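In listed order, ligands and their atoms are each counted from 1. Keep in mind that this is a model prediction, so the values were computed, not measured.
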Amino acid sequence: MSCGFSLDHYRELLDAAHEGGYRCAGFDRPPVAGDLLLRHDVDLSLEAALTLAELEAEAGAWSTWFLMTRSVFYNLASAEGERALTRLRELGHRIGHHAVWPHVDLDERFDRVVAWHNPDPGYMAAPIDGATNAMTAPWFDPPHYRSDSNARWRNGCPHEALARGDFEWLQLLTHPEIWVYPGATMRETMDSYLDAERAARLEQLRSDRIDLD
Ligand SMILES: [Zn+2]
Ligand SMILES: [Zn+2]
């Protein structure tokens with residue numbers, strides 16, 4: 001098994017967690033032994049989020065999707081954004097807010113849970129009025145946390161440790177774009193993302209009645 005960032009290996013991660021006896025959990029109660037808190041920060045692409053969300057549902061898993069209201073890459077208030085929100089809920093997932101400091105735009109679209117986008121250490125773990133901050137105790141604790149930031153695992157891919165049941169519980173943060181778009185490096189993955197984005201933009205131009213002939 002190779003630990004690349006691909007849909008195949010994401011599925012293998014989920015299967016490894018299942019083998020290790022873990023069950024999906026969210027941020028609505030403190031983690032207990034055997035919990036796997038799947039968390040996704042959606043930085044770039046709702047399309048990638050939906051692809052991974054469907055894969056998780058097929059594998060019998062669910063996660064908490066942190067979506068942005070102030071992204072420069074996607075618009076959650078667009079028809080596409082509304083479709084993504086509806087589909088994620090239909091599949092049994094939960095939706096948190098991926099906030100851009102200092103704005104917390106919690107509304108009825110979100111569960112009361114927030115994770116900051118690209119946080120500075122100064123406010124990353126600060127309490128948030130009326131919401132759970134995903135990076136605070138008891139949900140965040142370094143030995144119980146792994147993330148795939150920039151297509152690099154700081155402590156290695158956790159699939160083997162999950163299969164062995166090594167973690168008492170784990171918050172696993174992954175970014176859907178890294179797994180959905182092919183590439184051996186972050187740069188290659190971003191080039192694949194941009195190719196897909198160009199094709200999608202051409203479709204959007206057509207449906208916006210722009211003459212492309
Ligand atoms: Zn692996
Ligand atoms: Zn982010």
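For the pair Arg94 and Phe27, the NZ or CZ position fails the cation-pi test of under 6.0 Å to the six-membered ring centre and within 45 degrees of the ring normal.
Considering all non-hydrogen atoms of both residues, Pro176 and Thr174 come closest at CD-O, 3.8 Å.
The Zn ion (ligand 1) has Cys3 SG, His9 NE2, Cys157 SG, His159 ND1 as its protein N, O or S neighbours under 2.8 Å. Protein atoms that are N, O or S and lie under 2.8 Å from the Zn ion (ligand 2) are these: Asp43 OD1, His98 NE2, His117 ND1.
Between the CZ atom in Arg146 and the CG atom in Leu162 there is a gap of 9.0 Å [rounded to 0.5 Å]. Atom NE2 of His93 sits about 9.5 Å away from atom CD1 of Ile95, to the nearest 0.5 Å.
Salt-bridge check for Arg83 with Glu80: failed, with every basic side-chain N at 4.0 Å or more from each acidic carboxylate O. Between Glu54 and Arg87 a salt bridge is recorded (basic side-chain N to carboxylate O distance below 4.0 Å). The pair Arg187-Asp191 meets the salt-bridge criterion, since a charged nitrogen lies less than 4.0 angstrom from a carboxylate oxygen. Between Asp41 and Arg39, at least one side-chain N (NZ, or NE/NH1/NH2) sits under 4.0 Å from a carboxylate O, which counts as a salt bridge.
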Working for side-chain contact (heavy atoms from CB on, under 4.5 Å), residues Phe110 and His98: CA-CA 10 Å; Phe110 303 101; His98 200 33; over 6 Å; no

